[in-house]
Amino acid sequence: MTKVRTGWTLAIHGGAGSMTPETLAADEAERALAGLRAALDAGGAMLEAGGAALDAVAIAVRVLEDDPAFNAGRGSVFTWDGHIECDAAIMDGRDRRAGAVAGVTATRHPIDAARAVMERSPHVLLSAAGADAFSAEQGLEQAPPDWFATPARRRQLDEIKARPDLPFDSGMKYGTVGAVAMDATGHVAAATSTGGLTAKRWGRIGDSALIGAGTYADDRAGAVSCTGSGEHFIRLAVAHELTARRRLVGETLGQAADALIAELSALGGKGGFIAVSPQGDALWRFNTPGMFRGLARDGGEATVAVFGEPVGTA
Ligand code: GLY
């Protein structure tokens, strides 16, 4: 029997990656976990006040975009050419409206640009200079390159450029951010934002901006936000397939999640995802040593974690 939940659920991630308890500095971990708590507080307050899942995921991602601990907005990784190009997407499970931007360089909150594409344009995905122009025309806050840049990300670029023998996704530093939510009316939404891969070239776009790959929401099945080696998530259309399996094959979200993480691993992909069902169940999966993540619910204590159980349902 389908579980009936009232109330709300908010799950977020701050990226999956190769960090281990031995390699992740305690202060770095604490900064990221504090950032996750702040995002849960902002999104949770919105949901507690009766706000929509769409507003909650947008504000949670906005908070994480401003936090230099994460690879999204401020603190994004550098391209091979030394620029910062952000991707973001948002989707509303009520009517499957969606908006996304890829390769934006000047919008302080790429997730706001994605939402503006959804709400104020006839399109779903805008890219590069055109997306930046649209964002400015819409009056969204613009920021100079220095706003996004951090010395730590610059060092990561220098390290990768010194090792051209490494596989392309060695530039996958944890830090893509995402949020999924179910609100008190049972609607779901998803949002994802990232700087992509360190040293990415040639206008490379990852899964985060692609509806169905890194981001998807459908009131009939659930909402999903992914993090990891984007090329694999694109090939598997992870976010859409997760919801489609539930809707078309009748799998539980957990069964679909197990299948998708197994397929990701079989293809050599690395990363993970978070999901919520329209009944308010939340889950996460990752095949990396860690994934920054957090969960908040009406009437419950918010929790954050980076290591521990890679398979979770709550
Ligand atoms: N998952 C983020 C990216 O590949 O760009």
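Numbering of ligands and ligand atoms starts at 1, following listing order. The first residue of the sequence shown is numbered 1, and numbering continues consecutively from there. Since this is a predicted model, take the numbers as computed values, not measurements.
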Next item on the list: Would you please name every residue forming a side chain to side chain donor-acceptor pair (under 3.5 Å) with R120, sequence neighbours left out?
Entry: Q138
Checklist line | Atom indices of ligand 1, in the order listed, that fall short of 4.0 Å to a heavy atom of T176 | finding: 2 (C)
Next item on the list: Find all atoms of ligand 1 within a distance of less than 4.0 Å from any non-hydrogen atom belonging to G196, and give their numbers and elements.
Entry: 5 (O)
Next item on the list: Flag R204 as yes when one of its N or O atoms lies below 3.5 Å from any N or O atom of ligand 1, and as no otherwise.
Entry: yes
Notebook entry, point to check: Short list, please: which atoms of ligand 1 are under 4.0 Å from a heavy atom of S208?
Noted result: 1 (N), 2 (C)
Check: Is it true that K200 and E231 have a side-chain N and a carboxylate O under 4.0 angstrom from each other?
Finding: no
Checklist line | Where ligand 1 meets G228 - atom numbers and elements under 4.0 angstrom, heavy-atom basis | finding: 1 (N), 2 (C), 3 (C), 4 (O)
Check: Looking at D92 and R96, does any basic side-chain N land under 4.0 Å from a carboxylate oxygen?
Finding: no
Check: Any idea which atoms of ligand 1 are less than 4.0 Å away from a heavy-atom of G230?
Finding: 4 (O)
Next item on the list: Before signing off on this row, confirm whether L197 and ligand 1 have an N or O atom pair separated by under 3.5 Å.
Entry: no
Check: If you count the atoms of ligand 1 from 1 in the order shown, which ones are under 4.0 Å from a heavy atom of G206?
Finding: 5 (O)
Margin query: So that I can tick it off, tell me whether R235 and D207 are bridged by a salt bridge, with the cut-off set at under 4.0 angstrom between side-chain N and carboxylate O.
Written below: no
Notebook entry, point to check: Can you list the residues that meet the side chain to side chain donor-acceptor pair (under 3.5 Å) rule with E30, with sequence neighbours excluded?
Noted result: R37
Notebook entry, point to check: So which heavy atom in the protein is nearest atom 2 (C) of ligand 1, and how far is it from that ligand atom?
Noted result: D207 OD1, 3.3 Å
Item checked: N-O pairing of D67 and R74 below 4.0 Å -> no
Item checked: Check ion pair R204-E85 (N to O, under 4.0 angstrom) -> no
